*Asks:* 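Dumping the structure here so I can ask a few things about it.
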Amino acid sequence: MSLHATRPEFLDLFPEDAAPRQLAGGFTWTEGPTYVPARQAVFFSDVRQNRLLRWSDGGELADEMNPSHHQNGHCVDLQGRLIACSHGLRAIVRQEEDGSWTTLTDRFGGGRLNSPNDVTLHPDGSLWFSDPTYGIDKPEEGYGGTKEQPGNYVYRLDPDGTLSAPIRDRVKPNGLVFVSPERLILSDTGDAQTHAYRLAPAPQDEPGLTWSGPGGQPQAATHERVWFKVEPGKTDGIRVDEQGRLWSSAGDGVHVLTPDGQEIGRVVLPGTVTNLCFGGPQGSTLFMTTGSGFWSIETRTRALHLTL
């Protein structure tokens, strides 16, 4: 466990004595860490043990939901509520203030979703989520079932509940994050590359592919280019810091890249990192899930918070 600098400025992102430390272990496949300020805790899944766990700022680990319907990725909505991708329910769900869960969407075009995998918030309040078939294909990660969608899409859930599928050209869409209101970075664990999509006005309204933007103008997501590729392994979860740098999971830890996708260094851990998030009381602790473990390291940066 160490910091490996590709460029000298990488080490400036960490306090002098910073080092990765394992907070908890003994898991099977941890995923989806997200910090919820209102709860002063990080929430993460053990997808295969069917548990949602909570790590408090005070250093206490507890079950939040067991069984969890094989939740995977999470984010926080504009109201600070926890949003979850449920493999088992094949749905996007929201935790309410009383601890109950509300299903936000579970169908598109008359068929059930595959198994929502990761989710991120756009500053307009919409939720974007990937929907590969891992929860259908792997009995240890869901309840099985039959694929009812013609592809593995990325969806946009409007605050009014309207669901569209703007991205339909990926193999296994996975982690996703907005680096600006107009650009989405999306990992594809099917082709082992990470792609950029531009959100912009569309020439015409195409139901299911476009959505209504400012003034009712149709909006669409257009593929720009492959943004980066990590080695070893492949990108699963991604985060962006307040300077626009990308923090990507990889086969040997976390790779940190410039906003245009050039590597500047690595947080090296023993094994594959599945996902990550910034959190903690100051927002500068990087939390990492590694399948069997849950890790952290202190940084000198925080997550980017976008506004329109």
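Nothing here was measured: the structure is a model prediction, and the numbers come from that model. Hydrogens, waters and symmetry mates are skipped; everything else that's a heavy atom, side chains included, is used.
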*Asks:* Judged by atom type as modelled, is there a donor-acceptor pair below 3.5 Å linking the side chain of Glu224 to the main-chain atoms of His195?
*Replies:* no

*Asks:* Shared ILVMFWY cluster between Phe27 and Trp295, side chains joined below 4.5 angstrom?
*Replies:* no

*Asks:* What pair of heavy atoms forms the shortest contact from Thr289 to Gly32, and how long is it?
*Replies:* OG1-N, 4.5 Å

*Asks:* If we only count heavy atoms from C-beta on, is the His122 to Pro181 side-chain gap below 4.5 Å?
*Replies:* yes

*Asks:* Apply side chain to side chain donor-acceptor pair (under 3.5 Å) to Thr210 and Asp205, showing your working.
*Replies:* CA-CA 6 Å; Thr210 59; Asp205 190 0; 2.7 Å; yes

*Asks:* When you measure from the side chain of Asp131 to the backbone N and O of Asn152, does any donor-acceptor pair fall under 3.5 Å?
*Replies:* no

*Asks:* Which value, rounded to the nearest 0.5 Å, describes the distance between Arg156 atom CZ and Leu184 atom CG?
*Replies:* 12.0 Å

*Asks:* Report yes if some heavy atom in the side chain of Ile92 is under 4.5 Å from a heavy atom in the side chain of Cys85; otherwise report no.
*Replies:* yes

*Asks:* Going by atom types only, do Ser248 and Thr235 share a side-chain donor-acceptor pair under 3.5 Å?
*Replies:* yes

*Asks:* Are any of the side-chain heavy atoms of Glu231 and Asp252 separated by less than 4.5 Å?
*Replies:* no

*Asks:* Any sub-3.5 Å donor-acceptor pair from Arg300's side-chain atoms to Phe14's backbone N or O?
*Replies:* yes

*Asks:* For the residue pair Asn72 and Pro116, what are the closest heavy atoms and their distance?
*Replies:* CB-O, 4.5 Å

*Asks:* Show your reasoning for whether side-chain contact (heavy atoms from CB on, under 4.5 Å) applies to Val76 and Leu121.
*Replies:* CA-CA 7 Å; Val76 175; Leu121 175 70; over 6 Å; no

*Asks:* Roughly how far, to the nearest 0.5 Å, is the OG atom of Ser115 from the CG atom of Asp137?
*Replies:* 7.5 Å

*Asks:* Is it possible for you to say whether Trp247 and Leu304 belong to one hydrophobic cluster, with membership spreading through side-chain heavy-atom contacts below 4.5 Å?
*Replies:* no

*Asks:* Given the rule that I, L, V, M, F, W and Y join up when any side-chain heavy atoms are under 4.5 Å apart, are Leu78 and Phe129 in one cluster?
*Replies:* yes

*Asks:* I need the minimum non-hydrogen distance between Asn50 and Asn66, along with the two atoms involved.
*Replies:* O-OD1, 3.6 Å

*Asks:* Is it true that Trp101 and Thr103 share a donor-acceptor pair across their side chains at a distance under 3.5 Å?
*Replies:* no

*Asks:* Looking at Gln282, I want to see if its CD is surrounded by more than 12 non-hydrogen atoms of other residues, nucleotides or ligands under 6.0 Å.
*Replies:* no

*Asks:* Strictly distance-based, threshold 3.5 Å: is any side-chain N or O of Ser164 a donor or acceptor partner for the main-chain N or O of Pro166?
*Replies:* no

*Asks:* Measure the CZ-OG distance between Arg170 and Ser130 for me, rounded to the nearest 0.5 Å.
*Replies:* 12.0 Å

*Asks:* Are any of the side-chain heavy atoms of Pro67 and Arg51 separated by less than 4.5 Å?
*Replies:* no

*Asks:* Are the side chains of Pro218 and Gln204 in touch, meaning some heavy atoms are under 4.5 Å apart?
*Replies:* no

*Asks:* Apply side-chain contact (heavy atoms from CB on, under 4.5 Å) to Val42 and Thr34, showing your working.
*Replies:* CA-CA 5 Å; Val42 179; Thr34 291; over 6 Å; no

*Asks:* Search all heavy atoms of Arg7 against all heavy atoms of Thr258 and return the closest pair with its distance.
*Replies:* NH1-CG2, 3.6 Å

*Asks:* Distance-only, no hydrogens or angles: does the Gln149 side chain make a donor-acceptor pair with backbone N or O of Arg112 under 3.5 Å?
*Replies:* yes

*Asks:* Of the options Arg81, Gln95, Arg94, Glu96, which is the one that meets Thr102 in a side-chain hydrogen bond (donor to acceptor under 3.5 Å, both in side chains)?
*Replies:* Glu96

*Asks:* Any side-chain heavy-atom pair from Glu148 and Arg90 closer than 4.5 angstrom?
*Replies:* yes

*Asks:* Ignoring hydrogens and angles, tell me if any N or O in the side chain of Arg54 forms a donor-acceptor pair with the backbone of Phe43 under 3.5 Å.
*Replies:* no

*Asks:* Got a second to check how far Gln49's CD is from Trp29's CH2, nearest 0.5 Å?
*Replies:* 13.0 Å

*Asks:* Show your reasoning for whether ring-ring contact (aromatic ring centres under 6.0 Å, His included) applies to His70 and Tyr143.
*Replies:* CA-CA 8 Å; His70 299 281; Tyr143 301 142; 5.2 Å; yes

*Asks:* In terms of hydrophobic clustering (I, L, V, M, F, W, Y; side-chain heavy atoms under 4.5 Å; direct or indirect links), are Val154 and Leu104 co-clustered?
*Replies:* no

*Asks:* Between Asn174 (side chain only) and Asp188 (backbone N and O only), is there a donor and an acceptor less than 3.5 Å apart?
*Replies:* no

*Asks:* Can you tell me how far apart NE2 (His223) and CD1 (Ile167) are? Round to the nearest 0.5 Å.
*Replies:* 9.0 Å

*Asks:* Determine yes or no for a side-chain-to-main-chain donor-acceptor pair under 3.5 angstrom, with Asp241 supplying the side chain and Ala303 the backbone.
*Replies:* no

*Asks:* Would a hydrophobic clustering, with Ile, Leu, Val, Met, Phe, Trp and Tyr connected at side-chain separations under 4.5 Å, put Leu246 with Val256?
*Replies:* no

*Asks:* Under the side chain to side chain contact (heavy atoms under 4.5 Å, CB included) test against Ile297, which residue among Leu269, Leu3, Thr285 passes?
*Replies:* Leu3

*Asks:* Begin from the C-alpha positions of Leu13 and Thr299 and carry the test side-chain contact (heavy atoms from CB on, under 4.5 Å) through to its verdict.
*Replies:* CA-CA 6 Å; Leu13 299 177; Thr299 78; 5.6 Å; no

*Asks:* Is Arg168 reaching over with its side chain to a backbone N or O of Gly151, donor-acceptor style, under 3.5 angstrom?
*Replies:* no

*Asks:* Closer than 3.5 angstrom, by distance alone: can the side chain of Trp227 be matched with the main-chain N or O of Tyr197 as a donor-acceptor pair?
*Replies:* no

*Asks:* Count the heavy atoms belonging to other residues, nucleotides or ligands that lie under 6.0 Å from CZ of Arg21, then report whether that count exceeds 12.
*Replies:* no

*Asks:* I need the minimum non-hydrogen distance between Ala5 and Leu11, along with the two atoms involved.
*Replies:* CB-CG, 4.0 Å

*Asks:* With side chains defined as the heavy atoms from C-beta onward, is the minimum distance between Pro159 and Ser126 less than 4.5 Å?
*Replies:* yes

*Asks:* Please confirm whether the ring centroid of Phe294 lies under 6.0 Å from the ring centroid of Phe287.
*Replies:* yes

*Asks:* Of the options Val177, Ile185, Leu257, Leu306, which is the one that meets Val240 in a side chain to side chain contact (heavy atoms under 4.5 Å, CB included)?
*Replies:* Val177

*Asks:* Any side-chain heavy atom of Cys75 sitting closer than 4.5 Å to one from Ile83?
*Replies:* yes

*Asks:* Yes or no on side-chain contact (heavy atoms from CB on, under 4.5 Å) for Asp118 and Asn275, after CA distance, side-chain angles and deciding distance?
*Replies:* CA-CA 10 Å; Asp118 208 352; Asn275 217 319; 3.5 Å; yes

*Asks:* Using only heavy-atom distances, determine whether the side chains of Gln71 and Ser45 contain a donor-acceptor pair under 3.5 Å.
*Replies:* no

*Asks:* Return the NE2 to CD1 distance between His255 and Ile264, rounded to the nearest 0.5 Å.
*Replies:* 12.5 Å

*Asks:* With the threshold set at 4.0 Å, does a side-chain nitrogen-carboxylate oxygen contact exist between Glu9 and Arg245?
*Replies:* no

*Asks:* Cut-off 3.5 Å, side chains only: do Tyr134 and Thr189 have a donor facing an acceptor?
*Replies:* yes

*Asks:* Quick check: closest heavy atoms across Thr30 and Thr274, and the distance to 0.1 Å?
*Replies:* O-OG1, 2.7 Å

